[in-house]
**Student:** 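Input: one structure, supplied below.
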Number of protein chains: 2
Amino acid sequence: MAKIIPSENGSRKDVITQKATTLFRKKGFPATSMREIAEAIGVEAPSLYNHISSKNDILKDICFRVAKQYMGNLRAEELKNDSILAKIERIIRFHITMMVDEYETVYIADHEWRHLPEPFLADFKSQRRSYRSRLAALIEEGIDRGEIREVHPMIAVHTILSAINGIDSWQRSGKKIDPVLLEDNMTQMLILGLQKKGR
Amino acid sequence: MAKIIPSENGSRKDVITQKATTLFRKKGFPATSMREIAEAIGVEAPSLYNHISSKNDILKDICFRVAKQYMGNLRAEELKNDSILAKIERIIRFHITMMVDEYETVYIADHEWRHLPEPFLADFKSQRRSYRSRLAALIEEGIDRGEIREVHPMIAVHTILSAINGIDSWQRSGKKIDPVLLEDNMTQMLILGLQKKGR
DNA sequence: GATAAAAACTAATAATTGTTAGTTTTGACA
DNA sequence: TGTCAAAACTAACAATTATTAGTTTTTATC
């Protein structure tokens, strides 16, 4: 009976993707059924197939849209002419902001991507690897320039990204922490872990 | 035909739990079927029910065993007479060691607990909250004593735990990083984020 | 070798899964 | 108002799910 009402700037497909995002985040991709997504919208499950091609396809769209945003930001930073620490601080702040503003979407790209079917799984993993390598290269350059302590670059990258990617799991539950306070505190902690003494 | 062969110091139930742990980690709890667990052991699915009472029960056992270990360690540290920073450093190292040595088990307790059925879900969440609160209290005491920078205690706790809990996702894939190097680098980064300048 | 318990099996359950086929309803424009 | 496509519907599918019941095999102990 009901129809999928497209919102202001979003197609019917976008409405489905958004409802699915919420459910995937709450229950996980495999534990979310098409019927649940349909019910959340107020429609029967088969109706969804007028707009999307499969459940896997929804996941694919979410994951690659997020990947594109992060990749785009990284590329922009790489091209800037600035100190390495300033670049890394901006990247950290970008990650935190994304996590706070779009945590459902980001969460899925970060936790549910392993349920992607091939060949998308391989593609996604490759992008992920590439992203982290380029971040590590940035840190290595920072060490060479004497801006950053002599850390193991890959360990530093993983530590920073893991710390940030964990945000959603606690920012959502219980009493929320003020986003600005969160961003400043966390950024400072992570930058202090990198910075050379006496700077 | 085949039988579940109990290993040296483990019952048949332990064998099932261990195989299930590996699969839950690899595919996630909802996406792992009892038939898969049975096949990994070399047995038919219904045979498992001679040793366990349900699929949920396996998850419950894993989650609460891990919770117990962490709770026990925290309690021991709380009772020690030592500087706060030393305590926190030992707790951080304990977490990293657990993550490296028993990452499959720890991963499940950290990522799949939301699939616990009630009332276990509520119990687990409560323990989790309590653990983090007590860690935050420790950090607050460190600030009062002048050992620790004036960070937001809860943000610090979440940052540290998230950083560590993310380890498995990258330590498993690609070329592994030497565990000792990892522990030292990561601990140092995190402690530097807490420590007051000039110490 | 007989006995009894432990642990495997086969067969079947009802429920749920993603998805397709075919049909009816809706809504915008002529 | 009639037309046509978009988008909803119902019915059904084969596959898979966790689990139970009932039966047979294995193993250890006498």
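Within every chain, numbering begins at 1; the chains are lettered A, B, ... in the order of the sequence lines, protein sequences first and strands thereafter.
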**Student:** Roughly how many Å is it from CD1 in B/I16 to P in D/dA18, rounded to a whole number?
**Tutor:** 14 Å
**Student:** Given 3.5 Å as the limit, does a donor-acceptor pair link the side chain of B/E147 with the main chain of B/G142, or not?
**Tutor:**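 Side chain of B/E147 to backbone of B/G142, a donor-acceptor pair under 3.5 Å: no, none is there.
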**Student:** Parallel, tilted or perpendicular for B/F64 and B/F124, by the 30°/60° rule?
**Tutor:**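 Rings of B/F64 and B/F124: perpendicular, as their planes differ by over 60°.
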**Student:** Can you tell me the distance, in whole Å, between the NZ atom of B/K13 and the C1' atom of C/dA6?
**Tutor:**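 Between C1' of C/dA6 and NZ of B/K13: 16 Å.
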**Student:** How many Å lie between CD1 on A/I37 and P on D/dA8, as a whole number?
**Tutor:** 15 Å
**Student:** Test your reading of the model: is there a side-chain donor-acceptor pair from A/N185 to the backbone of A/L181, 3.5 Å cut-off?
**Tutor:**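 Checking the backbone N and O of A/L181 against the side chain of A/N185, a donor-acceptor pair under 3.5 Å is found.
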**Student:** Grab the CD-P distance between A/E44 and D/dA12 for me, whole Å please.
**Tutor:**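 It works out to 15 Å between those atoms.
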**Student:** Taking NZ from B/K27 and C1' from D/dT17, how many angstroms apart are they, rounded to a whole number?
**Tutor:** 13 Å
**Student:** Regarding C/dA6, can its base be found pairing with the side chain of B/N50 as donor and acceptor, where the two atoms are less than 3.5 Å apart?
**Tutor:** no
**Student:** Between A/S33 and C/dT17, is there a contact of a side-chain N or O with OP1 or OP2 at under 4.0 Å?
**Tutor:**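 So the side chain of A/S33 is within the cut-off, an N or O lying under 4.0 Å from OP1 or OP2 of C/dT17.
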**Student:** Verify whether the ring centers belonging to B/H95 and B/Y131 lie closer than 6.0 Å.
**Tutor:**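 Yes, the ring of B/H95 comes within the 6.0 Å limit of the ring of B/Y131, centre to centre.
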**Student:** Ion pair present between A/R93 and A/E89, side-chain N to carboxylate O less than 4.0 angstrom?
**Tutor:** yes
**Student:** Below 3.5 Å is the cut-off: list the nitrogen or oxygen pairs between protein and nucleotides 19-21 of chain D, distance only.
**Tutor:**
residue : atom : partner : partner atom : Å
D/dT19  : OP2  : B/Y49   : OH           : 2.5
D/dT19  : OP2  : B/K55   : N            : 2.9
D/dT19  : O5'  : B/Y49   : OH           : 3.2

**Student:** Roughly, in whole Å, what's the span from CD in B/E39 to C1' in D/dT16?
**Tutor:**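 Checked: the CD to C1' distance equals 14 Å.
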**Student:** Which residues pass the salt bridge (charged side-chain N to carboxylate O under 4.0 Å, His left out) test with B/E44, sequence neighbours left out?
**Tutor:**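 Counting only residues at least two positions away or on another chain, B/E44 forms no salt bridge (charged side-chain N to carboxylate O under 4.0 Å, His left out).
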**Student:** Rounding to an integer number of Å, can you tell me how far A/D14 CG sits from D/dA7 P?
**Tutor:**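 About 13 Å, once rounded to whole Å.
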**Student:** Between B/Y70 and B/F94, is the gap from one ring center to the other below 6.0 Å?
**Tutor:**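 Here the rings of B/F94 and B/Y70 have centres that are less than 6.0 Å from each other.
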**Student:** As a test of understanding, state which of B/R145, B/K87, B/R90 forms a salt bridge (charged side-chain N to carboxylate O under 4.0 Å, His left out) with B/D82.
**Tutor:** B/R90
**Student:** C/dA8, OP1 or OP2 - any side-chain N/O from B/H51 closer than 4.0 Å?
**Tutor:**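 Yes, such a contact exists.
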**Student:** Which nucleotide in the list C/dC9, C/dA7, D/dA8 gets nearest to the side chain of B/S47?
**Tutor:**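 Given the options C/dC9, C/dA7, D/dA8, the side chain of B/S47 is closest to C/dC9.
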**Student:** A/R134 and salt bridge (charged side-chain N to carboxylate O under 4.0 Å, His left out): which partner among A/E78, A/E140, A/E77?
**Tutor:**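 Only one option passes, and that is A/E78.
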**Student:** Kindly calculate the angle separating the two end axes of the helix from C/dG1-D/dC30 to C/dA30-D/dT1, each obtained from five base pairs, and round it to 10 degrees.
**Tutor:**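 It works out to 10° between the end axes.
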**Student:** What's the CG-C1' distance between A/D57 and C/dT19, to the nearest Å?
**Tutor:**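 Taking atom C1' of C/dT19 as the reference, CG of A/D57 is at 14 Å.
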